[in-house]
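In what follows, a structure is listed as structure tokens, so that the remarks can point back to it.
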Number of protein chains: 2
Amino acid sequence: MKETPWLDERELDAWLAYLTASHLLERRIEEQLKADSGLTHDQYEILVRLSSAPGRAMRMTELARMVVVSKSGLTYQVGGLEKKGLVERTSCPSDDRGVMAVLTDEGTRCLERTAPGHLAVVRAYLIDHCDPDELTTMTRIMRKAATAMGAFPPTSA
Amino acid sequence: MKETPWLDERELDAWLAYLTASHLLERRIEEQLKADSGLTHDQYEILVRLSSAPGRAMRMTELARMVVVSKSGLTYQVGGLEKKGLVERTSCPSDDRGVMAVLTDEGTRCLERTAPGHLAVVRAYLIDHCDPDELTTMTRIMRKAATAMGAFPPTSA
DNA sequence: CTATGGTGGTTCAAATTCGAACCAAAGGAG
DNA sequence: CTCCTTTGGTTCGAATTTGAACCACCATAG
């Protein structure tokens with residue numbers, strides 16, 4: 001058991017800046033999406049992931065891993081999306097206990113309608129503050145971090 | 001009203017990497033803190049902010065801004081901390097409707113006991129993946145973002 | 001075929017979250 | 001001094017969240 005690897009001043013600055021920015025950003029995003037389209041950030045993310053999946057469909061568990069939400073949380077959110085008619089549940093052909101979440105046409109339209117406002121926020125508060133080098137660096141850091149925490153390995157299928 | 005400023009591939013990569021990493025990190029932190037000390041991440045943050053405040057005390061509203069949580073959320077969390085004896089509420093001498101949250105000695109000890117494990121997570125999953133340049137860049141980006149979203153301006157008092 | 005262990009999803013209870021409504025007190029205006 | 005608007009905090013109700021318990025089904029070993 002060795003001594004505590006405390007954070008030095010530079011590290012602490014970085015951590016506090018990150019912490020504050022990420023919390024504020026999440027709040028702004030949530031707020032904008034709710035006001036603009038009645039969607040949760042998680043729900044929006046679900047639509048995004050589905051829209052770029054083959055057949056606009058995905059297994060519940062994989063979807064949960066992508067969006068980084070608990071299984072029960074996903075069940076709940078997909079339930080809401082289903083009620084809005086943006087997503088449908090179908091049974092998985094290859095596995096009877098599996099459930100596929102499928103993006104409906106209505107869901108696609110909703111996403112297309114909602115994306116601009118959402119992206120405007122992401123840009124305004126984060127992306128547009130980065131020059132190309134900074135963007136590259138951030139991507140590199142975040143990828144390393146995500147990998148270290150066991151994010152879905154690239155093309156897990 | 002101009003065309004949607006869609007994200008190009010590099011920007012999208014950056015955003016997705018950030019999104020995944022930040023969600024995973026938050027989850028890991030929450031999990032570690034809960035298991036290791038029964039604290040919420042918000043509660044931990046409250047202790048941290050109080051510990052570095054003059055007199056280890058702070059007004060509720062200012063604390064809420066620092067931790068980036070709603071006023072009602074802060075009331076709730078401070079309530080929990082009070083029940084654990086880590087924080088006390090005292091009335092504000094200069095403003096009768098104000099409430100000061102004060103860190104107790106027990107709270108200080110709890111923080112000292114809890115910090116190492118927490119920082120180990122922050123290091124393992126984020127900070128230690130950054131070389132000095134990357135750390136500087138991340139700090140710069142996050143500061144700009146935080147400022148753009150109206151984070152407490154430096155030394156708002 | 002049948003027992004067994006593991007995985008996919010949903011359900012359930014408990015904890016949190018946020019915003020809106022609300023009360024108390026501060027700060028000015030007249 | 002009194003009225004009115006603003007600010008600090010708490011309370012309340014509704015929406016979400018998560019982990020644990022649970023059921024159905026695949027898969028592998030006998």
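Order of the sequence lines fixes the chain letters, A, B, ..., with proteins taken first and strands second; residue numbering starts at 1 for each chain. Note that the structure is predicted; figures quoted are calculated from it, not measured.
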So, B/K34 and B/D36, do they make that salt bridge, N to O below 4.0 Å?
no

First of B/K34 and A/E31 reached from the 5' end of DNA chain C, by closest nucleotide:
B/K34

Starting at CD of B/Q32 and ending at P of D/dG19, how long is that distance when rounded to a whole Å?
15 Å

Just the rounded figure in Å: distance from P of D/dT18 to CD of B/E26.
11 Å

Write down the distance between CD (B/E30) and P (D/dG19), rounded to a whole number of angstrom.
10 Å

Pairing residues for B/E134 by the side-chain hydrogen bond (donor to acceptor under 3.5 Å, both in side chains) criterion, not counting sequence neighbours
A/R140, A/K144

Quick check: closest heavy atoms across B/A64 and B/L74, and the distance to 0.1 Å?
N-CD2, 3.7 Å

Does B/R27 make a side-chain N or O approach to OP1 or OP2 of D/dT18 shorter than 4.0 Å?
yes

In whole angstroms, how far is the P atom of C/dG19 from the CZ atom of A/R28?
12 Å

Could you give the CG-to-C1' distance, from B/L33 to C/dT16, as a whole number of Å?
16 Å

In whole angstrom, what separates B/D42's CG from D/dT16's P?
19 Å

Could you give the CG-to-P distance, from B/D96 to D/dG9, as a whole number of Å?
12 Å

Once you apply a heavy-atom cut-off of 4.0 Å, does B/Q77 come out as touching a base, just sugar-phosphate, or nothing?
sugar-phosphate

Going by heavy atoms in the side chains, are B/M142 and A/M138 under 4.5 Å from each other?
yes

How far apart are the C-alpha atoms of B/E11 and A/R123, what are their side-chain angles, what is the distance that settles it, and do they pass the salt bridge (Lys or Arg N to Asp or Glu O under 4.0 Å) test?
CA-CA 9 Å; B/E11 294 170 331; A/R123 275 196 175 290; 2.8 Å; yes

Measure the distance from CZ on B/R65 to C1' on D/dG9 and round it to the nearest whole Å.
15 Å

Look at B/R27 together with B/E31 and state whether they make a salt bridge at an N to O cut-off of under 4.0 Å.
no

Walk along nucleotides 3-11 of chain C from 5' to 3' and tag each nucleotide B, S or - by protein heavy-atom contact under 4.0 Å, base first, then sugar-phosphate.
---BBSBBB

Basic-acidic side-chain contact under 4.0 Å: B/R109, B/E106
yes

